[in-house]
Enquirer: 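Before anything else, here's the structure in question.
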Amino acid sequence: MGILLGLLLLGHLTVDTYGRPILEVPESVTGPWKGDVNIPCTYDPQQGYTQVLVKWLVQRGSDPVTIFLRDSSGDHIQQAKYQGRLHVSHKVPGDVSLQLSTLEMDDRSHYTCEVTWQTPDGNQVVRDKITELRVQKLSVSKPTVTTGSGYGFTVPQGMRISLQCQARGSPPISYIWYKQQTNNQEPIKVATLSTLLFKPAVVADSGSYFCTAKGQVGSEQHSDIVKFVVKDSSKLLKTKTEAPTTMTYPLKGKSLPVFAIILIISLCCMVVFTMAYIVLCRKMSQQEHVYEAAR
């Protein structure tokens, strides 16, 4: 009898919990000092369950403190410390992840994601999950150089183009651009920003470039050297205009079309007949002149 009651109770609990939304939150998340971090909190929306309340809490001492609240009136940030740097997702149903920007070391703590739904029978169900946020001072990675141009690192003269230097790590990150010199001379510093802009690019800008990145932690990092080439647009235009002329030379050795041959033969025949007619007319005129003299 006891076993039967236990099975009935277990079946009731299974039916009662089946189909309810379940929060998915990682055990821990690591973010870069002075950088941004996303703390995931998601669930699969279930038919008949309506989200009515979202809370994010942070552990301060022995008690959790509410730092964010979303209800029917909108979003509310409860602590001045997070004003302007806290955001909770809302565009995707079931996604209530927390985004924090400009992380400080004292942001390290345990964060609780709590969601309340209204059930099909009019009651409310509350679920929460805790995750740990770790903040690390990250060294700057090796920077990479990219360009947004479809031409790559070879561009025509007169084009507006920029080279981008990008590195990962705890901000702020300072960048310096250098251009290499010949004869083993020291590279020339050409810019102190992450973007090296050519407006417009000229042939004299051609050369080998690299950038450096330096953060709050770690040593300065150097990118690979990239060869930037600016082509003279006037030479390119001259080459294009001369191209059709050079293509006509191979045609000299080809045979003429049939209609051209017929036309030439016809003209030759007309010339021959014309010359014969002129000669014949002259002979007839001379014979008449002799006949008149004999009379």
Side-chain angles (χ1 to χ4, degrees), residues 10 13-120 123-141 166-173 215-218:
L10 179 61
L13 291 175
T14 304
V15 172
D16 186 55
T17 57
Y18 177 76
R20 290 186 178 184
I22 300 175
L23 292 180
E24 297 290 341
V25 177
E27 292 184 359
S28 64
V29 176
T30 302
W33 178 55
K34 298 296 184 180
D36 305 335
V37 69
N38 179 73
I39 306 177
C41 182
T42 59
Y43 65 89
D44 290 329
Q46 300 294 327
Q47 186 175 2
Y49 285 80
T50 305
Q51 176 185 296
V52 294
L53 197 66
V54 176
K55 281 185 180 181
W56 275 96
L57 305 94
V58 63
Q59 196 73 25
R60 293 283 184 239
S62 59
D63 299 322
V65 177
T66 301
I67 59 175
F68 175 84
L69 173 65
R70 174 177 293 163
D71 56 17
S72 58
S73 62
D75 292 356
H76 311 280
I77 298 176
Q78 306 286 359
Q79 299 288 322
K81 170 182 171 63
Y82 299 98
Q83 291 289 341
R85 64 187 193 96
L86 183 152
H87 176 74
V88 175
S89 302
H90 66 279
K91 293 183 179 180
V92 180
D95 186 356
V96 290
S97 301
L98 173 68
Q99 291 93 41
L100 275 179
S101 60
T102 319
L103 287 176
E104 297 292 345
M105 297 305 294
D106 60 358
D107 286 327
R108 294 178 296 180
S109 186
H110 287 83
Y111 289 75
T112 302
C113 176
E114 180 183 299
V115 182
T116 304
W117 298 273
Q118 184 174 347
T119 64
N123 295 323
Q124 289 189 348
V125 175
V126 182
R127 293 287 184 268
D128 59 59
K129 279 288 187 72
I130 299 175
T131 184
E132 181 185 5
L133 173 62
R134 302 168 182 171
V135 181
Q136 291 182 350
K137 294 183 177 182
L138 302 179
S139 301
V140 173
S141 64
Q166 297 175 329
R168 298 183 305 274
S170 296
I173 301 175
Q216 296 286 337
V217 183

Enquirer: Could you grab the distance from atom CD1 of I130 to atom OG of S28, nearest 0.5 Å is fine?
Expert: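 Atom-to-atom, I130:CD1 and S28:OG are 13.5 Å apart.
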Enquirer: When you look at K81 and D107, which way does the salt bridge (charged side-chain N to carboxylate O under 4.0 Å, His left out) test go after all the steps?
Expert: CA-CA 10 Å; K81 170 182 171 63; D107 286 327; 3.4 Å; yes
Enquirer: Out of E24, R20, Q51, which residue meets the side-chain hydrogen bond (donor to acceptor under 3.5 Å, both in side chains) rule with Y43?
Expert: Q51
Enquirer: What's the spacing between L57 CG and I67 CD1 if we round to 0.5 Å?
Expert: 7.5 Å
Enquirer: Is any side-chain heavy atom of W56 less than 4.5 Å from a side-chain heavy atom of L86?
Expert: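 No, their side chains stay 4.5 Å or more apart.
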Enquirer: Determine the minimum heavy-atom distance between C113 and V25, stating which atoms define it.
Expert: CB-CG2, 4.3 Å
Enquirer: Checking side-chain contact (heavy atoms from CB on, under 4.5 Å) against T116, which of V125, T50, V52 comes through?
Expert: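 It is V52, the one option of V125, T50, V52 that forms the side-chain contact (heavy atoms from CB on, under 4.5 Å) with T116.
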Enquirer: Taking the side chain as everything from C-beta on, heavy atoms only, tell me whether V126 gets closer than 4.5 Å to E114.
Expert: yes
Enquirer: Let me confirm one number: the NE2-CD distance from H110 to Q59, rounded to the nearest 0.5 Å.
Expert: 8.0 Å
Enquirer: Between K34 and E104, does at least one N-O distance fall below 4.0 Å, as a salt bridge requires?
Expert: yes
Enquirer: Counting only N and O atoms by type, is there a donor-acceptor contact under 3.5 Å from the side chain of S170 to the main-chain atoms of L138?
Expert: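 Checking the backbone N and O of L138 against the side chain of S170, a donor-acceptor pair under 3.5 Å is found.
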Enquirer: Of all heavy-atom pairs between R70 and V88, which one has the smallest distance, and what is that distance?
Expert: NH2-O, 2.9 Å
Enquirer: State, to 0.1 Å, how close S141 and A167 come at their nearest heavy-atom pair, and which atoms those are.
Expert: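 Answer, listing the atom of S141 first, then A167: O-CB, 3.7 Å.
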Enquirer: Measure the CD-CE distance between Q136 and M105 for me, rounded to the nearest 0.5 Å.
Expert: 8.0 Å
Enquirer: Do you know which two heavy atoms are closest between P171 and Q216, and how far apart they sit?
Expert: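 That closest heavy-atom pairing would be O-CG, 4.1 Å.
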Enquirer: Does atom CG of D44 have more than 12 heavy-atom neighbours, drawn from other residues, nucleotides or ligands, at distances under 6.0 Å?
Expert: no
Enquirer: Do P21 and R127 have side chains that get closer than 4.5 Å, going by heavy atoms?
Expert: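 Side-chain contact under 4.5 Å: no.
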Enquirer: Looking at every non-hydrogen atom in both residues, tell me the closest pair between T66 and Q78 and how far apart they are.
Expert: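 Nearest pair, atom of T66 first, then Q78: O-CB, 3.2 Å.
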Enquirer: Ignoring hydrogens and angles, tell me if any N or O in the side chain of S97 forms a donor-acceptor pair with the backbone of C41 under 3.5 Å.
Expert: yes
Enquirer: So with a 6.0 Å cut-off around CZ of R168, is the heavy-atom count from everything else above 12?
Expert: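 It does not: R168 CZ has 12 such atoms or fewer within range.
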Enquirer: With T131, which of V29, T112, L98 fulfils side-chain contact (heavy atoms from CB on, under 4.5 Å)?
Expert: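 Answer to the side-chain contact (heavy atoms from CB on, under 4.5 Å) test with T131 among V29, T112, L98: V29.
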Enquirer: Would you say that more than 12 heavy atoms from the other residues, nucleotides or ligands in this model lie under 6.0 Å from the CD of E27, or not?
Expert: no
Enquirer: Do the non-hydrogen side-chain atoms of W33 and L103 ever get within less than 4.5 Å of each other?
Expert: no
Enquirer: Report yes if some heavy atom in the side chain of L69 is under 4.5 Å from a heavy atom in the side chain of L53; otherwise report no.
Expert: yes
Enquirer: Taking atom CD1 of I77 and atom CD of Q83, what is their separation to the nearest 0.5 Å?
Expert: 4.5 Å
Enquirer: Look up atom NE2 in H87 and atom CG in N38, then write down how far apart they are to the nearest 0.5 Å.
Expert: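 That separation rounds to 9.5 Å.
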Enquirer: If I compare all heavy atoms of P40 with all of P26, which pair ends up nearest, and what's the gap?
Expert: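 That closest heavy-atom pairing would be O-CD, 3.5 Å.
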